[in-house]
J.: 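Handing you this structure, nothing more for now.
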Amino acid sequence: AEKIRKPHNVESLEMIAARHAVIFASKIGLQLCQFEGDSEIGIKAPQTGDVFSSFFGHLVRDTLIHVNSLRSFPFSHTVRQGNAIAHALV
């Protein structure tokens, strides 16, 4: 378990979760991964490599550094209802 300071917005929290998922996938040796999230802004940023204009660009940059160790790593937006299982776990 890791304590995370409360971020200022939901998009930053989504990027922190994405970064942790990418690091975990890399650590356990996965090469073909698909990452999903219900924050459209949080998913589009790593797709476009937008590290400059977003207020969480440093998180995007760090995620992209780690994701480069994977062979395939698409990021896709899932509507909140499609992500119901993940939200039920919280």
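Hydrogens, waters and symmetry mates are skipped; everything else that's a heavy atom, side chains included, is used.
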J.: Check L70 against C33 and note the closest heavy-atom contact, atom names and distance.
T.: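 Scanning both residues completely, I find the closest heavy atoms to be CD1-SG, 4.1 Å.
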J.: Other than L32, which residues form its hydrophobic cluster under the rule that side-chain heavy atoms must be closer than 4.5 Å?
T.: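 Grouped by the 4.5 Å side-chain rule, L32 forms a cluster of one, so the answer is none.
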J.: What's the separation between atom CE in M15 and atom CZ in R61, rounded to the nearest 0.5 Å?
T.: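 Atom-to-atom, M15:CE and R61:CZ are 11.5 Å apart.
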J.: Hey, could you give me the CG/CZ distance between L59 and R19, rounded to the nearest 0.5 Å?
T.: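 So the CG of L59 and the CZ of R19 are separated by 5.5 Å.
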J.: Give the other cluster members for I28, using side-chain heavy-atom distances under 4.5 Å between Ile, Leu, Val, Met, Phe, Trp and Tyr residues; answer none if it is isolated.
T.: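 Under the 4.5 Å side-chain rule, I28 groups with F24, L30.
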J.: Hey, what do you get for CD (Q34) to OG (S72), rounding to the nearest 0.5 Å?
T.: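 Between atom CD of Q34 and atom OG of S72 there are 8.0 Å.
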J.: Using modelled atom types only, decide if a donor and an acceptor are shared between the side chain of S26 and the backbone of V22 within a distance under 3.5 Å.
T.: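 No: the side chain of S26 does not pair with the backbone of V22.
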J.: Who are the side chain to side chain contact (heavy atoms under 4.5 Å, CB included) partners of A21, not counting sequence neighbours?
T.: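 A21: side chain to side chain contact (heavy atoms under 4.5 Å, CB included) contacts with F35.
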J.: Consider only side-chain heavy atoms of I, L, V, M, F, W and Y, link residues closer than 4.5 Å, and tell whether I23 and I16 are in one cluster.
T.: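 No.
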